[in-house]
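For this chain, numbers begin at 1 and follow the sequence in order. Since the structure is predicted, the reported quantities are computational estimates derived from the model, not experimental observations.
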Amino acid sequence: MTIDIIGAGIGGLTLANALQAKGVDYRIYERAEELRPVGAGIILANNAMQIYEKLGLKKKIEEKGNPISSFTITDRRLRCISGINLKYFEEKHGVQNIAIHRGVLQQLLLSNLKKSPKQGYELIDIQEQEKRYQLKFTNEKVVSSEMVIGADGIRSQVREVGLGGGVIRDHGQICWRGVADFELPENYQNELKEAWGGGDRIGFVKIADNKTYWYALKSINKTSTYTKDQIGHYYEDYNPVVKELILATSNNAIHEAHIEDLKPMSRWYRNNICLIGDAAHATTPNLGQGACQAIEDAYYLADSLSRSEPSVAFDEYQKIRKPKADTIVKLSSRIGQISHWENNLAVGLRNLFMKMTPEWVNRLQSKKIFSIDYL
């Protein structure tokens, strides 16, 4: 059976790599006319790197990215209010957290495939015909398919036409992401810092030599396009390195998006149509687990399909992956709310409570996220 993957993002490409490793045939269809190294940074947490180690990609990713051994939440002045030393998990699982440019990771995953994605194929419809599917694309091509995997993001067309849609939730926040030619201070080289203010926050991390990835979020509802000067103005009262980083980024290297997630769905599959990643369980970025959960999906689904017929594999995949993914969606949403409190008293109490929280509590939460029982 040939498996047709809709979407050549991180989830779709990881699925193709995992199927290839299992000797399962696949085809990838991507709406973009050309796959170029676009986007900003991405943090491959310990759980994602465990998967890539199984796929033989760990060393290549480490060579292209930057290891992160600690995560610190600070106030506006970059004074620590909470943190976690990630070396505990490095020793436990034998892999590091890696910060890397999203486009670099995409090209690495592509280069490892024996079959290239078919580009310029934007799905518009799926029609079932005699236990097969007719996939219709905007380029007027029609493809006969035995099995369809939707890896096509939060606004998944596979989900829309194959499973009856889903509920996308807007969280009233806007996110800017950018990559700057910027050398962080020496003590920030292997650390992810995220500064919390009142109704806004910003995080930054080194992803390569003289390359820093940053993301900034603010509670805002109006739709507009913001220049780096306007974004920098919102962070005037933060540590000076924050504004320097924003201003060091070219306007065309800043990506803007509203923060959304997908209300947990009861089912991720129907017959021989199944969803992975954001198509199934899009989450807000507050735990840095969106792509990581798609990577977990891809590995487990490929393994299940290599062992079982689709109906059994899909059911097993949903039973194993859904509880963790749904928990992360809920927890990430809650963190997004707490981190954007605006009342000064509430912010002060929040920061004090976080300072008083022992590191072992933070470690326990990370342990639940990083642990992968089925490996």
Side-chain angles (χ1 to χ4, degrees), residues 10 37-49 52-53 57-91 93 95-109 175-196 201-217 228 231-232 235 238-255 285-292 295 362 366 370:
I10 303 304
V38 298
I42 185 174
I43 296 169
L44 296 173
N46 195 285
N47 52 322
M49 288 304 296
Y52 284 137
E53 181 180 35
L57 295 168
K58 170 178 170 284
K59 185 176 180 181
K60 292 180 180 179
I61 292 172
E62 289 176 341
E63 290 172 350
K64 296 290 186 179
N66 183 52
I68 304 302
S69 294
S70 65
F71 171 47
T72 305
I73 296 176
T74 75
D75 63 14
R76 292 184 180 94
R77 308 306 296 173
L78 299 186
R79 295 173 297 207
C80 178
I81 57 176
S82 183
I84 182 170
N85 187 334
L86 298 170
K87 290 184 179 180
Y88 168 84
F89 296 102
E90 293 174 7
E91 295 172 2
H93 299 296
V95 297
Q96 295 177 297
N97 295 262
I98 301 293
I100 190 171
H101 194 288
R102 183 178 289 268
V104 170
L105 176 62
Q106 184 182 43
Q107 292 300 313
L108 190 155
L109 294 172
C175 179
W176 301 283
R177 296 179 175 92
V179 174
D181 293 331
F182 190 89
E183 192 64 40
L184 288 169
E186 183 64 31
N187 57 323
Y188 296 168
Q189 295 293 297
N190 300 105
E191 179 181 22
L192 168 62
K193 279 191 177 294
E194 185 169 299
W196 289 13
R201 60 197 150 117
I202 186 168
F204 54 88
V205 65
K206 177 180 177 178
I207 59 173
D209 289 341
N210 199 42
K211 295 286 184 185
T212 299
Y213 162 54
W214 59 269
Y215 55 90
L217 298 96
K228 64 182 180 183
I231 299 168
Y235 298 89
Y238 279 67
N239 186 289
V241 72
V242 167
K243 189 169 183 180
E244 291 172 16
L245 180 55
I246 294 171
L247 294 180
T249 312
S250 62
N251 277 322
N252 60 10
I254 297 176
H255 305 270
N286 306 307
L287 286 171
Q289 278 290 310
C292 298
I295 291 163
N362 297 334
S366 295
F370 294 162

Using distance alone, with no hydrogens and no angle criterion, decide if Trp196 and Thr74 have a side-chain donor and acceptor under 3.5 Å apart.
-> no
Between Glu191 and Thr72, is any side-chain donor less than 3.5 angstrom from a side-chain acceptor?
->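 Yes, Thr72 and Glu191 have a side-chain donor paired with an acceptor closer than 3.5 Å.
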Give the ring-plane orientation class for Phe89 versus Phe370, where under 30° counts as parallel, over 60° as perpendicular and anything between as tilted.
->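 Phe89 and Phe370: perpendicular rings.
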In terms of the angle between their ring planes, are Tyr213 and Tyr215 parallel, tilted or perpendicular, with boundaries placed at 30° and 60°?
-> tilted
Atom of [X], atom of [Y] and distance for their closest heavy-atom approach:
X      : Y      : answer
Pro285 : Leu217 : CG-CD2, 4.4 Å
Gly178 : Thr249 : CA-CG2, 4.3 Å
Ala48  : Cys292 : CB-SG, 3.8 Å

Close side-chain approach of [X] to [Y], heavy-atom, < 4.5 Å:
X      : Y      : result
Ile98  : Asn66  : no
Ile10  : Arg102 : yes
Ile254 : Arg177 : no
Lys193 : Ile202 : no
Thr212 : Val205 : no
Leu86  : Ser70  : no
Met49  : Asn97  : no

At what distance, to the nearest 0.5 angstrom, does [atom1] of [X] lie from [atom2] of [Y]?
X      : Y      : atom1 : atom2 : result
Arg201 : Tyr238 : CZ    : OH    : 9.5 Å
Leu44  : Gln96  : CG    : CD    : 12.0 Å
Ile295 : Gln289 : CD1   : CD    : 9.0 Å
Gln106 : Ile42  : CD    : CD1   : 10.5 Å
Tyr88  : His93  : OH    : NE2   : 7.5 Å
Glu53  : Asn46  : CD    : CG    : 9.5 Å

Residue list, side-chain contact (heavy atoms from CB on, under 4.5 Å) with [X], at least two apart or on another chain:
X      : value
Ala248 : Ala180, Phe182
Ser82  : Ile73, Met354, Asn362
Gln189 : Glu183, Leu184, Glu186, Lys206
His101 : Val104, Val179, Ile207

Residue pairs passing the salt bridge (charged side-chain N to carboxylate O under 4.0 Å, His left out) test where at least one lies in residues 78-90, sequence neighbours excluded =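 Listed by first then second residue: Asp75-Arg79.
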Does CG in Asn210 sit with more than 12 non-hydrogen atoms of other residues, nucleotides or ligands closer than 6.0 Å?
-> yes
With sequence neighbours left out, the residues meeting salt bridge (Lys or Arg N to Asp or Glu O under 4.0 Å) with Lys211 are Asp181
Verify side chain to side chain contact (heavy atoms under 4.5 Å, CB included) between Phe204 and Glu194, making sure each step is shown before the conclusion.
-> CA-CA 7 Å; Phe204 54 88; Glu194 185 169 299; over 6 Å; no
List the steps, then state whether side chain to side chain contact (heavy atoms under 4.5 Å, CB included) holds for Lys64 with Lys60.
-> CA-CA 7 Å; Lys64 296 290 186 179; Lys60 292 180 180 179; 5.9 Å; no
With distance as the sole test, does Asn190 use its side chain to make a donor-acceptor pair with the main-chain N or O of Pro67 at under 3.5 Å?
-> yes
